[in-house]
There are 2 protein chains.
Amino acid sequence: MTSRLEALCMEKGLKMTGQRRVISQVLSEADDHPDVEEVHRRAVQIDPRISIATVYRTMRLLEDAQVIERVDLGDGRARYEEATADHHHHLIDTRTGRIIEFASPELEAMKERIAHELGYKIVGHRLEIYGVPLDDAGDDAQDEEERP
Amino acid sequence: MTSRLEALCMEKGLKMTGQRRVISQVLSEADDHPDVEEVHRRAVQIDPRISIATVYRTMRLLEDAQVIERVDLGDGRARYEEATADHHHHLIDTRTGRIIEFASPELEAMKERIAHELGYKIVGHRLEIYGVPLDDAGDDAQDEEERP
DNA sequence: ATCATACTGAAAACCGTTCGCAATCCCAGA
DNA sequence: TCTGGGATTGCGAACGGTTTTCAGTATGAT
Ligand SMILES: [Mn+2]
Ligand SMILES: [Mn+2]
Ligand SMILES: [Zn+2]
Ligand SMILES: [Zn+2]
C-alpha cells in the first residue's frame, strides 16, 4: 500500500527505495512530532534492515523536498512532522511534554507588521510557547506526583 | 575597574576569580550576541590564560544566576546577552546575519491570550523572525554581491 | 537483462558542549 | 598577614546529535 508521503515523493521524482518507502509510511502514519531515533524505531519494526544513517539522510531529503518540516522544540534534537498547507506553532507542556498545536492569523499579521516596520520582509520565523496547565499552575515544583 | 556584571556577580555572592572577572568584563562591554567561542576570543585578548572550558562553565554559572540570558538564534550554538529588565526578541537578517532587537507588548499579550485559551499558563516562550531588507527583497538569490 | 548511478550500512568524523581529574586559586578565619 | 580546605581551573577525554566516508548493493532507464 503506497502511503501519502510515498506518493508525494514519487511526484517529486525521488528514487523510491525500500527504506524510503518504509520511512514515508512511518511519517504518514505519525500524528505526533517524532525525532529521528523515534522514526528509526518505528521504521525498524516494519523492516529491520534500516540504519539510523539512512533515516537521517531521508529526513533531510524529505525536508529539502518540502515533504516534511523540521520542528525545533528546544530539546537538543530535530523533530519532524508532515508538511501541511496550514501553518501552525506549538505550545509545549513542560510538565508532561505534551505538544499542543495552534494557529493565529492575528499573531501572524502582527509579526508581519513588526518586520515591515523594521524594514524587513519575513522569510521565516519561529515561535514556541512553553507552559503549564492553568489548573495546577499554582504549584510550580519541578518534580511532583499527580494528586491521588 | 570592576565591570557591571562583576558587581552583579559579587552581589550574588559568587566567588570572583580572575577569569570570571575577565569574562564579566567582556560581557559587560559586548553590545551584540556573542557565542562561547567569541567570548573566549575576546577574553583571551585580555588574559591569555583562560580556557574555553572555563568560559563554558562561567556562561552557565552566569545564566543560572540570571546575570546573562541564553539566546537561540537557530545556528547550532548558544549565544548570550546581558540580562535586561526589558524583554525583547530578535529579527535576524539572513543576508548579513545582522540582528535587530524588537519588543511588542501587543504581541506578548496576544501570545498570553492564546495560551490562556488553550488552558495554559506561560512559563517561557521563544520567537525569532528571519528576514531580508525590504529594499532588495525582490532578488532572493542565495549568494549575490551588493549592487555597484 | 544490463549497467551506470544513486543509495545503503557501518563506522568514523564532526561540532558544540560537558565532565573527570589533578593542580591551583580564593578568601574566611586565625 | 598567613593558612587550610573547598571551589575553580586547564586539559583532554567523553558526550549526544548529526554528517560523512567508503565499499558494497539496489534502482530504474535503456
Ligand atoms: Mn506540529
Ligand atoms: Mn538581544
Ligand atoms: Zn507563524
Ligand atoms: Zn516575548
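Below, chains carry the letters A, B, ... as their sequence lines are ordered, and counting in each starts from 1.
Here A:Arg20 reaches the OP1 or OP2 of C:dC7: one of its side-chain N or O atoms lies under 4.0 Å away. Residue A:Tyr56 places at least one side-chain N or O under 4.0 Å from the OP1 or OP2 atom of D:dT18.
Atom CE of B:Met10 sits in a sparse spot, with 12 or fewer heavy atoms from other residues, nucleotides or ligands closer than 6.0 Å. Around the CZ atom of B:Arg49, the shell of radius 6.0 Å holds no more than 12 heavy atoms that belong to other residues, nucleotides or ligands.
Residues A:Leu27 and A:Ile46 fall within the same hydrophobic cluster, defined by Ile, Leu, Val, Met, Phe, Trp and Tyr side chains chained together at heavy-atom separations under 4.5 Å.
Of the residues listed (A:Arg77, A:Arg41, A:His40), the one engaging A:Asp35 in a side-chain hydrogen bond (donor to acceptor under 3.5 Å, both in side chains) is A:Arg77, and it is the only one.
Here the two rings, on A:His125 and A:His87, have centers that are under 6.0 Å apart.
When rounded to the nearest whole Å, the span between CZ of A:Arg79 and P of D:dT18 equals 10 Å. Per the geometry, CE belonging to B:Met59 stands 13 Å off C1' belonging to C:dT17, to the nearest Å. As rounded to whole Å, 9 Å separates atom C1' of C:dC15 from atom CD of B:Glu37. With rounding to whole Å, A:Asp47 atom CG is found 13 Å from D:dA26 atom C1'. Between the CD atom of B:Glu38 and the P atom of C:dC15 there is a distance of 18 Å, rounded to whole Å. One atom, CG of A:Asp72, and another, C1' of D:dT18, lie 14 Å apart when rounded to the nearest Å. Taking atom CD1 of residue A:Ile23 and atom C1' of nucleotide C:dT8, one finds them 11 Å apart after rounding to whole Å. When the P atom of C:dT17 is taken as reference, atom CZ of A:Arg77 falls 17 Å away, rounded to whole Å.
A:Thr94 places no side-chain N or O within 3.5 Å of a backbone atom of A:Val132 that could act as its donor or acceptor partner.
Taken over five-pair windows at either terminus, the axes of the helix from C:dA1-D:dT30 to C:dA30-D:dT1 are inclined to one another by 30° (rounded to 10 degrees).
Under the 30°/60° scheme for interplanar angles, the aromatic rings of A:Phe102 and A:His89 are found to be tilted.
For the residue pair A:Glu128 / A:His90, no side-chain donor-acceptor distance below 3.5 Å is found, with atom types taken as modelled.
Among the protein residues, A:Ile50 comes within range of the sugar-phosphate backbone only, with heavy atoms under 4.0 Å from sugar or phosphate atoms but none that close to a base.
Salt-bridge annotation for B:Arg42 and B:Asp32: present, with a side-chain N of the basic residue lying under 4.0 Å from a carboxylate O of the acidic one.
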Exercise for the section: Sugar-phosphate means primed atoms, P, OP1 and OP2; the rest is base. With that split, encode nucleotides 19-30 of chain C 5' to 3' as B, S or - using protein heavy atoms under 4.0 Å. Expected result: BB-----BS---

